[in-house]
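Okay, so here's the structure we're looking at.
Predicted model, so just to flag it, every value in this text is computed and none were measured.
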Amino acid sequence: MNYPEKEKISLYFHIPFCLSKCSYCDFVSFANSTAFHEPYINALLKELLLYKSTIDKNQISTIFIGGGTPTSLSDNLFELLIKSIDEILQLNCNSNNIEYTIEANPKTITSKKADTMKQYGINRVSLGLQSANEIELKVLNRIHSFKDLEESIDILKAHGISNINIDLMYAIANQTIESFKASIQKVLALKPDHISCYSLILEEGTALYKLHKENKITFPTEDEDINMYELAVNMLTSAGYEHYEISNFALAGRKCSHNITYWKVKPYLGFGVSSHSFFDNSRYSNTSSIEEYIDLLSKNSLPIESTELIDDTMAFEEWIFLRLRMKEGINFEDINSRFSINFLASYKPKLDKLLNEGLLIYDASKVSLTLKGFELSNYAFLTLLS
């Protein structure tokens, strides 16, 4: 008897706790809130149990535990979380070797946590460095040093975890091209499998935003921002990293499959306060109140705050601006099949406009952004969708 193939689904777990709040962070995260740690983890596991029958009907593709700082939990609570996820999902310590990522601050990696990761099948760690410059780290209110990063990598590799991403940030207050170049060089010397490189976005309500409004700090100009991005692209690709998405670079076979789930608009379920899900053509978001989240789950109620049905117009727009983030771009056969259109015929005038501006390239089978297109991606997206 032939059974229908299960649909692949990715899972995201949000741990909103940190040892301190970074000056640029506007995510839902809480520092100095240890009283919430245990009740929150219990609520998170209860939410997972409420979705278990749904998950069992599908095939888990990737798992990602993010934050916040998941590794800011105590060693014992961290083990409870990872062990319970393994048991509930019947991962059998990830015997299928699916991509299983956890985010970590370099200051919070311990031998005990690394042992727990290895024991329960976590095989990829994303370390939030942001900068190798101590002055810039202080501006960002990061609690770690570059030495902490080196020590974290040593601990992870000693426990058999070698698939490591390092996050870098540019356009930091008072940062120069030279200091950013030095950070890249230090990271490249460590030979991580994957590097994510993001421009700092000044978000209203953050500590950096307040300092900027008070004229107490200055940021690189827009031209300097672009020059830093181009520097990163040139240095990382020259070192053998594939520039496969606007901000992401990977050695062969080390692209982040979980993030590709988002960029290719594949289904995923998010667990935890303020997390989002995309499933059955609908988008769901959980409450951003940690107290409400814990209370609802204590009553076996899902903490969903809003639901939005994604119609074909919305799905088409997401397909454009998410898939064009990737170097492989949009395959015409895929988009034509999904939306019953002839994309090339319908959008040729706009494609030609962006082609003449040097923002994209296309042929009979696909379209993708150039480096200049990545730099001006929002303009390219708006031009196509206007």
Side-chain angles (χ1 to χ4, degrees), residues 12-25 27 29 31 62-73 75 78 81-82 99-118 120-134 136-138 140-170 172 180 182-200 232 235-236 239 241 245 247-251 254-259:
Y12 173 80
F13 296 88
H14 187 62
I15 310 300
F17 306 117
C18 296
L19 296 181
S20 67
K21 189 84 168 177
C22 296
S23 60
Y24 57 88
C25 179
F27 295 148
S29 60
T62 65
I63 301 173
F64 197 107
I65 304 177
T69 309
T71 46
S72 67
L73 298 171
D75 286 349
F78 182 80
L81 170 66
I82 306 306
E99 182 188 270
Y100 191 168
T101 304
I102 191 164
E103 289 183 334
N105 182 298
K107 190 76 171 179
T108 61
I109 295 291
T110 64
S111 181
K112 171 65 174 169
K113 285 191 173 73
D115 185 62
T116 297
M117 293 177 199
K118 181 65 177 177
Y120 293 104
I122 293 176
N123 48 35
R124 185 175 183 273
V125 178
S126 181
L127 294 168
L129 172 66
Q130 315 312 349
S131 172
N133 182 291
E134 301 300 325
E136 291 168 7
L137 289 174
K138 287 180 180 176
L140 299 174
N141 199 34
R142 301 291 292 178
I143 62 170
H144 62 81
S145 65
F146 184 74
K147 188 172 186 298
D148 290 325
L149 176 82
E150 294 176 305
E151 291 174 354
S152 294
I153 292 174
D154 287 343
I155 292 171
L156 292 169
K157 288 187 174 181
H159 285 79
I161 301 173
S162 60
N163 189 358
I164 294 170
N165 169 67
I166 295 177
D167 284 343
L168 271 176
M169 186 176 284
Y170 60 94
I172 299 168
F180 182 50
S183 285
I184 296 174
Q185 289 171 330
K186 285 187 174 183
V187 167
L188 285 176
L190 298 175
K191 298 181 174 147
D193 297 272
H194 191 284
I195 298 171
S196 299
C197 198
Y198 302 100
S199 173
L200 186 148
M235 290 182 69
L236 297 179
Y241 290 81
E245 190 269 347
S247 305
N248 286 273
F249 306 79
L251 295 179
R254 294 302 200 184
K255 295 176 185 176
C256 179
S257 297
H258 185 84
N259 285 343

Fill in: Which atom of I122 lies closest to which atom of Y100, heavy atoms considered
CG2-O, 3.4 Å
Worksheet, complete the sentence: For A114 and I161, the nearest pair of non-hydrogen atoms, with its separation, is O-CD1, 4.0 Å
Worksheet item: Less than 4.5 Å apart, any side-chain heavy atom of S162 and any of L156?
Response: no
Discussion item. Taking the side chain as everything from C-beta on, heavy atoms only, tell me whether Y170 gets closer than 4.5 Å to I184.
Written reply: no
Worksheet item: So, T108 versus N105: side-chain donor-acceptor pair below 3.5 Å or not?
Response: no
Worksheet entry | Donor-acceptor under 3.5 Å (D148 side chain, S145 main chain) | yes
Worksheet item: Between K113 (side chain) and L73 (backbone), is there a donor-acceptor pair under 3.5 Å?
Response: yes
Practice prompt. Determine yes or no for a side-chain-to-main-chain donor-acceptor pair under 3.5 angstrom, with E103 supplying the side chain and G67 the backbone.
Written response: yes
Worksheet entry | Check: L140 and M169 side chains under 4.5 Å, non-hydrogen atoms | yes
Discussion item. Using a 3.5 Å distance criterion without hydrogens, assess whether the side chain of T69 forms a donor-acceptor pair with backbone atoms of C18.
Written reply: no
Practice prompt. Give a yes or no on whether the backbone of I63 and the side-chain of E99 come within a donor-acceptor separation of less than 3.5 Å.
Written response: no
Discussion item. Taking the side chain as everything from C-beta on, heavy atoms only, tell me whether L190 gets closer than 4.5 Å to F146.
Written reply: yes
Fill in: Min side-chain heavy-atom separation L188-I195 under 4.5 Å
yes
Item to complete: Please tell me if the side chains of N163 and V125 come closer than 4.5 Å, counting only heavy atoms from C-beta onward.
Response: no
Worksheet item: S72 side chain to F17 main-chain N or O, any donor-acceptor pair under 3.5 Å?
Response: yes
Discussion item. Restricting to non-hydrogen atoms, name the atom on L137 and the atom on S131 that form the minimum distance, rounded to 0.1 Å.
Written reply: CD2-O, 3.2 Å
Worksheet entry | Closest non-hydrogen atom pair between Q130 and I172, with its separation | O-CD1, 4.3 Å
Discussion item. Under the side chain to side chain donor-acceptor pair (under 3.5 Å) test against K147, which residue among E150, H144, E151 passes?
Written reply: E151
Worksheet entry | Pair K138 + E134, salt bridge at N-O below 4.0 Å | no
Worksheet item: Any idea which heavy atoms bring D167 and G128 closest together, and the distance?
Response: CB-CA, 4.1 Å
Discussion item. Taking the basic N atoms (NZ, or NE/NH1/NH2) and the acidic carboxylate oxygens, is any pair closer than 4.0 Å for R254 and D193?
Written reply: yes
Discussion item. Please tell me whether S183 and N133 have a donor and an acceptor in their side chains that are separated by less than 3.5 angstrom.
Written reply: no
Worksheet item: Is there side-chain contact between C197 and F180, with heavy atoms separated by less than 4.5 Å?
Response: yes
Worksheet item: Is the closest side-chain heavy-atom distance between T110 and I155 below 4.5 Å?
Response: no
